[in-house]
Enquirer: 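Supplied in structure tokens, the structure appears directly below.
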Amino acid sequence: MAHFAELKSKVDPTGFTSDTHQVVERVVVVGNDCVPSDMHVDGETWCANFFKGGSWKQTSYNHNFRKQYCGIGYVYDSTKDKFLCPQPHKSWALDGNDDWQAPITYPTVTEEGGVRYFILWNETKYQADNTKGWEATKSNDESDPQTVHDWNGTAWVSE
């Protein structure tokens, strides 16, 4: 089986920029007997003919090429010949491996005394104060609402 992504040119689907991207609209599976060869372009041409148009790129279910298996909403970067995950937050940037990274390093403390922290990124908090962004609640917190803790770079502190 071979997997192919149909691409559509769209303004940044995240709304973070006004850039135009090649965004994955759908992913289809094509039987090996339909694809004329193991060459990506042959299968991509087959898809364009079978589906009566469109721009197609093969994606690897096993992550063997084009970085990763894509899904709807992923972006195809033709310069890098890779599928990239959608940008999760406006402040996040791609690292050297083309993975999205927060502007503040992920907390090193994820559990204390058997209590886990449920950690989330808060973009609004980061935009208001660029020293904050990671926040968490504790797994044993039964209060309503739960106490929110901010990561200060070394420890969790309650608001």
Side-chain angles (χ1 to χ4, degrees), residues 1-112 115-127 130-139 149-151 153 156:
M1 299 295 206
H3 300 82
F4 296 89
E6 182 179 20
L7 308 174
K8 296 277 185 181
S9 183
K10 292 184 175 181
V11 173
D12 187 351
T14 64
F16 300 145
T17 71
S18 59
D19 299 343
T20 299
H21 299 287
Q22 292 294 309
V23 180
V24 176
E25 284 284 303
R26 64 178 164 165
V27 179
V28 298
V29 181
V30 177
N32 291 338
D33 56 324
C34 295
V35 180
S37 75
D38 287 337
M39 299 298 295
H40 300 300
V41 71
D42 286 346
E44 293 161 4
T45 300
W46 183 90
C47 285
N49 291 333
F50 183 81
F51 293 106
K52 299 185 183 359
S55 176
W56 295 86
K57 288 292 174 187
Q58 189 167 3
T59 184
S60 172
Y61 190 75
N62 297 318
H63 310 277
N64 292 333
F65 53 87
R66 294 195 171 128
K67 182 165 173 57
Q68 60 202 333
Y69 185 73
C70 70
I72 294 171
Y74 278 54
V75 171
Y76 174 70
D77 184 318
S78 60
T79 304
K80 296 177 180 183
D81 192 29
K82 293 180 178 181
F83 288 104
L84 304 176
C85 294
Q87 185 175 357
H89 303 282
K90 184 177 183 174
S91 64
W92 289 35
L94 289 172
D95 64 13
N97 294 319
D98 292 317
D99 295 313
W100 292 104
Q101 298 298 326
I104 298 172
T105 304
Y106 190 82
T108 54
V109 177
T110 59
E111 183 178 320
E112 287 180 314
V115 176
R116 290 185 352 190
Y117 284 100
F118 296 117
I119 304 167
L120 295 171
W121 179 257
N122 185 323
E123 182 70 14
T124 303
K125 192 174 281 186
Y126 175 77
Q127 293 298 331
N130 68 6
T131 66
K132 296 182 178 183
W134 291 112
E135 63 181 22
T137 56
K138 290 183 176 183
S139 61
H149 303 270
D150 287 320
W151 181 247
W156 292 103

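Side chains included, hydrogens not; waters and symmetry mates left out as well; all remaining heavy atoms used. Bear in mind that the values here come from a model prediction, so they are computed numbers and not experimental data.
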Enquirer: Taking the side chain as every heavy atom from C-beta outward, state whether Glu6 and Val28 have any pair of such atoms under 4.5 Å apart.
Expert: no
Enquirer: Which residues pass the salt bridge (Lys or Arg N to Asp or Glu O under 4.0 Å) test with Asp99, sequence neighbours left out?
Expert: Lys67
Enquirer: For the residue pair His3 and Gln58, what are the closest heavy atoms and their distance?
Expert: O-CG, 3.2 Å
Enquirer: What heavy-atom pair brings Ser139 and Val115 nearest, and what distance separates the two atoms?
Expert: OG-CG1, 3.6 Å
Enquirer: Measure from the side-chain N and O atoms of Glu44 to the backbone N and O of Phe4, and report whether any donor-acceptor pair falls under 3.5 Å.
Expert: no
Enquirer: Is the number of heavy atoms from other residues, nucleotides or ligands within 6.0 Å of CZ (Phe50) greater than 12?
Expert: no
Enquirer: Listed by chain and number, what are the ring pair (Phe, Tyr, Trp, His ring centres under 6.0 Å) partners of Trp151, not counting sequence neighbours?
Expert: Trp156
Enquirer: Testing the basics here: between Ile104 and Lys132, what is the closest heavy-atom pair and its distance to 0.1 Å?
Expert: CD1-O, 3.4 Å
Enquirer: Listed by chain and number, what are the side chain to side chain contact (heavy atoms under 4.5 Å, CB included) partners of Tyr106, not counting sequence neighbours?
Expert: Thr110, Ile119, Trp134
Enquirer: Can you name the side chain to side chain contact (heavy atoms under 4.5 Å, CB included) partners of Lys10, sequence neighbours left out?
Expert: Lys8, Val23, Glu25
Enquirer: Under 3.5 Å, is there a donor-acceptor pair between the side chain of Asn32 and the main chain of Met1?
Expert: yes
Enquirer: Would you compute the distance between atom CZ of Arg26 and atom CD1 of Ile72 and round it to the nearest 0.5 angstrom?
Expert: 10.0 Å
Enquirer: Using side chain to side chain contact (heavy atoms under 4.5 Å, CB included) as the criterion, list what pairs up with Thr131, not counting sequence neighbours.
Expert: Asp129
Enquirer: With no hydrogens and no angle check, is any side-chain donor or acceptor of Gln68 less than 3.5 Å from a backbone partner on Phe83?
Expert: yes
Enquirer: Output yes when a side-chain donor or acceptor of Asp95 lies under 3.5 Å from a complementary backbone atom of Asn97, and no otherwise.
Expert: yes
Enquirer: Say you draw a straight line from CH2 of Trp121 to CD of Glu135; how long is it, rounded to the nearest 0.5 Å?
Expert: 10.0 Å
Enquirer: Side chain of His63, backbone of Tyr69: donor and acceptor closer than 3.5 Å?
Expert: yes
Enquirer: Does atom CZ (Arg116) have a neighbourhood of more than 12 heavy atoms from anything else shown, all under 6.0 Å?
Expert: no
Enquirer: For the residue pair Arg66 and Tyr76, establish whether any side-chain heavy-atom pair is separated by less than 4.5 Å.
Expert: yes
Enquirer: Do Asp150 and Lys125 come within less than 4.5 Å of each other through their side chains, counting heavy atoms only?
Expert: yes
Enquirer: Begin from the C-alpha positions of Val24 and Leu7 and carry the test side-chain contact (heavy atoms from CB on, under 4.5 Å) through to its verdict.
Expert: CA-CA 5 Å; Val24 176; Leu7 308 174; 3.8 Å; yes
Enquirer: Got a sec, which residues hit side chain to side chain contact (heavy atoms under 4.5 Å, CB included) with Gln87, two or more places apart in sequence or on another chain?
Expert: Thr14, Phe16, Trp100
Enquirer: Please give me the minimum heavy-atom distance between Tyr117 and Glu111, naming the atom from each residue.
Expert: CD1-N, 4.0 Å
Enquirer: Run the ring-centre check on His40 versus Phe65 and record whether the distance is less than 6.0 Å.
Expert: yes
Enquirer: Determine the minimum heavy-atom distance between Val27 and Gly71, stating which atoms define it.
Expert: CG2-CA, 4.3 Å
Enquirer: Flag the pair Phe51 / Trp56 as yes when their ring centroid distance falls below 6.0 Å, and as no otherwise.
Expert: yes
Enquirer: What class does the angle between the rings of His89 and Trp92 fall in, given that below 30° is parallel, 30 to 60° is tilted and above 60° is perpendicular?
Expert: tilted
Enquirer: Can Ser91 and Gln127 be counted as having a side-chain donor-acceptor contact under 3.5 angstrom?
Expert: no
